[in-house]
Amino acid sequence: MFKILKKEVLAPKTILMETYAPLIAKKAEPGQFIVIRVNEKGERIPLTIADFNREQGTITMVFQEIGKTTNLLGTKNVGDAISDILGPLGNPTETDRYGTVVTIGGGVGIAPVYPLSRKLKSLGNKVISIIGYRSKDFVFWEERMRSSSDELLIATNDGSYGAKGFVTDVLKNLIDKGTHIDRIYAIGPAIMMKAVADLTREYKIKTIVSLNSLMVCGMGMCGACRITVGGETKFTCADGPDFDAHLVNFDELMKRLNTYKKEEKISFEKWKEEVGYGA
Amino acid sequence: MGLKKKSVPMREQPPEVRKHNFLEVPLGYNKEEAILEAQRCLQCPTHPCIDGCPVHINIPRFIKAIKEDDLQKAIDIIHESNLLPAITGRVCPQEDQCQAVCVMGNVGDPVSIGRLERYVADWELEKRKKGEVSLPPKMPPKNKKVAIIGSGPAGLSCAADLAKMGYDVTIFEGFHKTGGVLTYGIPEFRLPKWIVEEEKKFFEQLGVKFQTDVLIGRTLTIKDLFNEKFEAVFIGVGAGLPRFMHIPGENLDNIYSANEFLTRVNLMKAYKFPEYDTPIKVGKRVAVIGGGNVAMDAARTALRLGAEHVYLIYRRSRKEMPAREEEIEHAEQEGIEFMLLTNPIRYIGDENGFVKQAECIKMKLGEEDASGRRRPIPIEGSEFKLDIDQVIVAIGTTPNPIVPKTTEGLKTGRHGTIWVDENLQTSVKGVFAGGDIVTGAATVITAMGAGRKAAASIDKYLKGEL
Ligand SMILES: Cc1cc2nc3c(=O)[nH]c(=O)nc-3n(C[C@H](O)[C@H](O)[C@H](O)COP(=O)(O)OP(=O)(O)OC[C@H]3O[C@@H](n4cnc5c(N)ncnc54)[C@H](O)[C@@H]3O)c2cc1C
Ligand SMILES: Cc1cc2nc3c(=O)[nH]c(=O)nc-3n(C[C@H](O)[C@H](O)[C@H](O)COP(=O)(O)OP(=O)(O)OC[C@H]3O[C@@H](n4cnc5c(N)ncnc54)[C@H](O)[C@@H]3O)c2cc1C
Ligand code: SF4
Ligand code: SF4
Ligand code: FES
């Protein structure tokens, strides 16, 4: 059992939780993730390690309440416990001193982009961050992001805060202005990562994405997370989650993410009825 | 009394009933049946059966005890060699092992050793359920810590032996539940999970500690274990890496590895969705690729989830199928449709990315290959399309690479297996290995045998005798 030490609602349906998991905290590196199981009947879901504190033995996750499991997790409070947390899984994000780096985060993807930007900056890169939210109400960690980057650009879909549009619009502006970029990291919904990949492919800018395939085991034993990269089948959990964006078959990824749409709905509806959600 | 050539049959759930439920198929012997079957044993002085059993259970002695209805004595005899008889009695390929060499086999059916073993084990499990546990004798504590990686049959049996010798043993398991393939692979209708749970409790009473949610290589490394004052390590991480055929369309939706399919159903209890949260797709026309035990398990599981047709597509003929005869028969009785000498060459999907057809090719058998089986050769021009809505790929697994990859100096073999010497010691001092990670995918009882052998070596090593 893993105790919840802190809970914070960052924005609508966006929750931060800190849990005590000393073994994981000791080994975690930016880019790695955990697989959690909320309770005995729960499914295993992957979440990125958004932050960690080796001394205090804690790890932080930031998640968006979308279906049954993330909503159930959202009902847990400080003092409650999560049945299982396995990690750190996947390979740490490769970082080095590249020059000018753009880090892009969309929605909850901003959470893992924060420690990554911090690390890139500490390595001596010039870090330009582009973060995108649905609207002003959803903005979180603006200050943290500002402190970990040399330049911070914000976009909202409806223009209620920052520039109106998508992170790709902001990125395109940046490129068209003649900004020299050595490398780009993008973390967010699959559709956002695909859009970034399509844009930067044209400009031949090396782009790394962190894929969010469906997973069961998280340790390379089931193949649920498999995905085509450069024409070869890879396991996101074991070979990734970071891949060269220009080689990823995003259409396949997005189709595979929809496999259980029907079942997810059944599960969520049943749960809402049980807990009287929204009533 | 003349020789009884026929063995006492075991009652089973009828195929028509069982294909709609996940309850165990064979129902076990009752007392009369067990004694009748036990009486068939000749108590041979040469007892070849003992050598046929990879862990050398004293088979004639425990059968004699059954005949005398002294089941406590019977279980004690079995426990000397095997702490998981309820499991091996159910899943051992007995027909290739103890029963293959039984003298009775020369005149009729061999003695049903596995069924008798199961009978004794189930009697003891019932007792345990009532709280009557008789623990095997234990030596005084040695105050030395040993780490076991993986809680499959190899790790479990290694841990039990070391605990009996007085070592302080901790099993580290990546999954949230222990048991390895016994828990996530072999289905409920062949091996009820309450048995694996009961056995775990028994091991805890023996003093074995379990730490789940620890993936060695990620959460902790073998080096960390030595830093944590463990003095020896046993690696029993199995061969759980699924193989795919790498043919076009294999990543379409509703195409699973058998590992994923069975893990969802067994470990995550997806057959009880939505009571349990993990979903599984219920196919109507399911293709299972492969001809081993895993393929049979996947096919029979798909049927129980509600499939109308389950095609078992295998590239050789029935004779070459590596699955146990009993499994093949059970599958046939339940209506699994065998498509032999057939191989898929690509999958075709619908507009949403779900598989809708498998294009297959007919095969013929050529010369014998290295495995001694005749090599399948595609027949050109025999391609055909099969309408299906789910595929389960069960063409085998390879060793789990995480531990070898993260342990400096650990020598591996050609197929990613861990190299060991005759004492099951690896190329790293104080680190031993056994089970599927050393042999490649094998059987429960060979993994258990390896675990026990490693325990004996670890004992010697820690006493400075190795
Ligand atoms: C490596 C990795 C890191 C991730 N990190 C984060 C994170 O930091 N914060 C966050 O909010 N989300 C993260 N996700 C996605 C998160 O796992 C899903 O949002 C979550 O599983 C949804 O579960 P649910 O039951 O609430 O929703 P469901 O109703 O089950 O699903 C809604 C949608 O979520 C996705 N999803 C469902 N099950 C899984 C699964 N087992 N694995 C992956 N995606 C799934 C699918 O696209 C699905 O359509 C990550 C995914 C991966 C693979
Ligand atoms: C579907 C199926 C049906 C089968 N049917 C039969 C049968 O009827 N009869 C028979 O005799 N055999 C059968 N087998 C084969 C048999 O189950 C295996 O040979 C046996 O389980 C091997 O035991 P093991 O202990 O070596 O490994 P496993 O049982 O594979 O256990 C290994 C354990 O190690 C864990 N692990 C892996 N990596 C790590 C790590 N890095 N850190 C921590 N833990 C880790 C795994 O999660 C797993 O729990 C079947 C196999 C399958 C898949
Ligand atoms: S453990 Fe297996 S091989 Fe040994 S006696 Fe029992 S059934 Fe036979
Ligand atoms: S070989 Fe068969 S008949 Fe002989 S002792 Fe063993 S089980 Fe009995
Ligand atoms: S999630 Fe099981 S192999 Fe990646």
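Just so you know, these numbers come straight off a predicted model, no measurement behind them. First the proteins, then the strands, lettered A, B, ... as listed; each starts at 1.
- The part of Arg37(A) that comes within reach of chain B is its side chain, from C-beta onward, which places non-hydrogen atoms under 4.5 angstrom from that chain.
- A heavy-atom distance below 4.5 Å is not found between the side chains of Phe63(A) and Thr14(A).
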Dump the intermediate steps for side-chain contact (heavy atoms from CB on, under 4.5 Å) on Leu73(A) and Ile82(A), then the final yes or no. CA-CA 8 Å; Leu73(A) 184 61; Ile82(A) 298 170; 3.8 Å; yes
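- Between chain A and the options Asn352(B), Asn251(B), Thr278(B), the largest number of non-hydrogen pairs under 4.5 Å is found for Asn251(B).
- What you find for Leu241(B) and Pro399(B) is that their closest heavy atoms are CB-O, 3.9 Å.
- In this structure, chain A has a heavy atom under 4.5 Å from the side chain of Gln211(B), while its backbone stays farther away.
- With a threshold of 4.5 angstrom between heavy atoms, Phe268(A) does not approach chain B through any atom at all.
- Ranked by heavy-atom pairs under 4.5 Å with chain A, the list Ala270(B), Gly240(B), Pro242(B), Ala258(B) is led by Pro242(B).
- Of the residues considered (Glu40(A), Glu232(A), Glu263(A), Met254(A)), Glu263(A) shows the highest number of contacts with chain B, using heavy-atom pairs under 4.5 Å.
- Ion pair Lys68(A)/Asp277(B) flagged as a salt bridge, since at least one NZ, NE, NH1 or NH2 atom sits closer than 4.0 Å to an Asp/Glu carboxylate oxygen.
- Annotation: maximal heavy-atom pairing with chain A below 4.5 Å, among Asn254(B), Ile255(B), Thr221(B), occurs at Ile255(B).
- The most heavy-atom pairs under 4.5 Å with chain B, out of Gly220(A), Gly223(A), Ser83(A), Pro88(A), come from Pro88(A).
- The candidate with the highest count of non-hydrogen atom pairs below 4.5 Å against chain A, out of His246(B), Met268(B), Lys177(B), Glu250(B), is Met268(B).
- By the 4.0 Å N-to-carboxylate-O rule, Glu359(B) lies close enough to Arg346(B) to be salt-bridged with it.
- Within the 4.5 Å cutoff, the side chain of Asn259(B) has heavy atoms near those of the Thr397(B) side chain.
- Looking at Asp198(A) and Lys194(A), a side-chain N of the basic residue comes within less than 4.0 Å of a carboxylate O on the acidic one, giving a salt bridge.
- Looking at Gln32(A), the atoms closer than 4.5 Å to chain B (heavy atoms on both sides) all sit in the side chain, from C-beta outward.
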Does the side-chain contact (heavy atoms from CB on, under 4.5 Å) test come out yes or no for Ile85(A) and Ile59(A), once each step is laid out? CA-CA 10 Å; Ile85(A) 304 185; Ile59(A) 56 169; 4.2 Å; yes
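- With a threshold of 4.5 angstrom between heavy atoms, Leu215(B) approaches chain A through its backbone and through its side chain.
- Residue contact with chain B, scored on non-hydrogen atoms closer than 4.5 Å, is absent for Ile45(A).
- In this structure, the portion of Ile266(A) lying under 4.5 Å from any heavy atom of chain B is its side chain and not its backbone.
- Using a 4.5 Å cut-off between heavy atoms, Ala28(A) does not touch chain B at all.
- Using bins of under 30°, 30° to 60° and over 60° for the plane-to-plane angle, the ring pair Phe230(B)/Phe172(B) lands in the perpendicular bin.
- For Thr219(B), the parts lying under 4.5 angstrom from a heavy atom of chain A are both the backbone and the side chain.
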Test log, rule salt bridge (charged side-chain N to carboxylate O under 4.0 Å, His left out), inputs Asp168(B) and Lys209(B): CA-CA 8 Å; Asp168(B) 178 358; Lys209(B) 292 177 220 158; 2.8 Å; yes
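- For chain A, the nearby parts of Lys281(B) are the backbone and the side chain; heavy atoms of each come within less than 4.5 Å.
- Salt bridge absent: Glu252(A) and Arg256(A) never bring a charged side-chain N and a carboxylate O closer than 4.0 Å.
- Per-residue heavy-atom pair counts under 4.5 Å with chain B were compared for Lys41(A), Met221(A), Glu43(A), and the maximum is reached by Lys41(A).
- For Leu262(B), no part sits under 4.5 Å from any heavy atom of chain A, backbone or side chain.
- The part of Asn400(B) that comes within reach of chain A is its side chain, from C-beta onward, which places non-hydrogen atoms under 4.5 angstrom from that chain.
- Salt bridge status for Glu274(A) with Lys270(A): present, with a side-chain N to carboxylate O gap under 4.0 Å.
- Tyr184(B) and Phe175(B) have tilted rings, their planes meeting at an angle from 30° to 60° on a 0 to 90° scale.
- For chain A, the option among Gly174(B), Ser257(B), Gly353(B) with the highest count of heavy-atom pairs below 4.5 Å is Gly174(B).
- Of the listed residues Asn91(A), Val35(A), Asp251(A), the one with more heavy-atom pairs under 4.5 angstrom with chain B than any other is Asn91(A).
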